[in-house]
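Step one of this worksheet: look at the structure below.
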Amino acid sequence: MTIPGRPTKPQSLDLVRQIVVISSLVFMLIAAMVGVGVFGGTPIAEAQGGALAADATLLAPATPAFSIWSVIYTGLAAYTLWQALPAQRASMRQRAMGWWIALTMVLNGLWIVTVQVFTLWGTTLAIFVLLAALCITFQRAVVTRLPRGGIRDSLLIDGVTGLHLGWVAVASVANVTAWLTAIGPTGWADHAEAWGIAVIVVVAVIGLVIAWASGWRVAPGLALGWGLVWIAVGRLADQPRSEAIGIAAIVAAVLVVGAPLATAGLRSLRPQGD
């Protein structure tokens, strides 16, 4: 019987998969360099008329929040190197996850491209396609995970995909808020704070649902919490200012980070025989 995650007989597509993952990482990193202004690209904060800048809307995270991309990219690069090893070529776990992780890297890069060349509506569509792909990828990571599968497997597949999913969920909220702010009538500004709080509540609920559905895995909540904290910092210490949204974001961050951490802690204290 074939055991998921264990090496089996190599197939012709295994080497192709490894090459596709490597190529996807290269494409994503080149797109990211364009997104920070290298190769003649416009930095994302300045593209789209500044609509995606840290001070553009009430739900935009403060600038330091975006440093999480360095962690995610480093994790994806480490995964790419690991999956390229000959020992991983015929792994059933890699066969289940490699193509999907490659797709999320390509879609990540394509979102950056849409910021450069399309409208805000196009960036919103692109980031929701990326979010959908990450939801599927993370779900597959959960169901294909083996007990005692190893720390590298846990960190580089479940951990990195979870961080990617959590952060893109926050980025999706910021992206769609920027789009609606750009196309909406000026009267929407009168209710912007109430809508902002409502969206944060929805984000918190989504974060808790992801944690519950994944067996209370911590990584998505960490990324969500990171984004929510920096939304709070932006609203309490920068413009546009909103104490109500800042406080709501802090409460939401505590929930999405605290619930999975508390559950993991309780599980670690439970006797092995339970």
Side-chain angles (χ1 to χ4, degrees), residues 1-36 38-39 67-113 126 129-168 210 213-223 260 264:
M1 181 177 66
T2 298
I3 301 175
R6 301 289 177 82
T8 59
K9 185 177 180 180
Q11 298 177 1
S12 58
L13 281 178
D14 289 333
L15 179 59
V16 175
R17 184 196 67 245
Q18 290 178 307
I19 294 172
V20 168
V21 172
I22 295 169
S23 301
S24 300
L25 175 73
V26 172
F27 171 74
M28 182 186 69
L29 293 179
I30 291 174
M33 293 176 71
V34 173
V36 297
V38 182
F39 303 139
S67 62
I68 195 175
W69 279 125
S70 297
V71 177
I72 294 170
Y73 287 164
T74 299
L76 288 169
Y79 165 76
T80 299
L81 292 174
W82 175 56
Q83 67 84 40
L85 296 175
Q88 296 298 314
R89 183 166 300 167
S91 165
M92 293 300 292
R93 173 84 153 155
Q94 298 293 354
R95 287 173 178 169
M97 298 303 307
W99 298 103
W100 283 98
I101 294 175
L103 175 63
T104 63
M105 289 193 286
V106 170
L107 291 173
N108 186 310
L110 287 176
W111 176 78
I112 298 172
V113 171
V129 172
L130 170 59
L131 181 61
L134 281 166
C135 287
I136 297 171
T137 305
F138 190 63
Q139 186 270 341
R140 289 177 67 87
V142 171
V143 301
T144 61
R145 172 73 177 162
L146 283 176
R148 298 180 297 277
I151 187 65
R152 283 177 298 181
D153 185 289
S154 180
L155 288 177
L156 298 181
I157 294 182
D158 301 67
V160 174
T161 302
L163 287 177
H164 201 177
L165 169 61
W167 176 248
V168 169
I210 291 173
S214 65
W216 299 101
R217 281 165 169 76
V218 175
L222 289 177

All N/O donor-acceptor pairs, side-chain side in residues 157-168, below 3.5 Å, sequence neighbours left out:
residue	atom	partner	partner atom	Å
D158	OD1	R93	NH2	2.5
D158	OD2	R217	NE	3.4
T161	OG1	I157	O	2.7
H164	NE2	N108	ND2	3.0

Please table the atom pairs, donor to acceptor, closer than 3.5 Å between any side-chain atom in residues 19-36 and protein atoms at least two apart or in another chain.
residue	atom	partner	partner atom	Å
S23	OG	I19	O	2.9
S24	OG	V20	O	2.8

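Side-chain atoms of S154 do not come within 3.5 Å of backbone N or O of G150 as any donor-acceptor pair.
In plain terms, the two heavy atoms of T104 and I101 that are nearest each other are OG1-O, 2.7 Å. Across all non-hydrogen atoms, the minimal contact from L156 to G75 is CD2-O, 4.1 Å. Closest approach of A126 to W111, counting heavy atoms only: CB-CD1, 4.0 Å.
Distance check: L110 CG to L103 CG gives 9.0 Å after rounding to the nearest 0.5 Å. Between atom CD1 of residue I112 and atom CG of residue L107 there is a gap of 11.5 Å, rounded to the nearest 0.5 Å.
Residues Q83 and T80 are in side-chain contact: their nearest non-hydrogen atoms beyond the backbone lie under 4.5 Å apart. Looking only at side-chain heavy atoms (C-beta outward), V16 and W99 come within less than 4.5 Å of each other.
R17 pairs by the side-chain hydrogen bond (donor to acceptor under 3.5 Å, both in side chains) definition with D14, not counting sequence neighbours. Residues meeting the side chain to side chain contact (heavy atoms under 4.5 Å, CB included) test with I136, sequence neighbours left out: W100, R140. Residues passing the side-chain hydrogen bond (donor to acceptor under 3.5 Å, both in side chains) test with Q18 are R89, sequence neighbours excluded. With sequence neighbours excluded, the residues forming a salt bridge (Lys or Arg N to Asp or Glu O under 4.0 Å) with R145 are D153, listed by chain and number.
One side chain, Q88 or Q94, offers a donor N or O that lies under 3.5 Å from an acceptor on the other.
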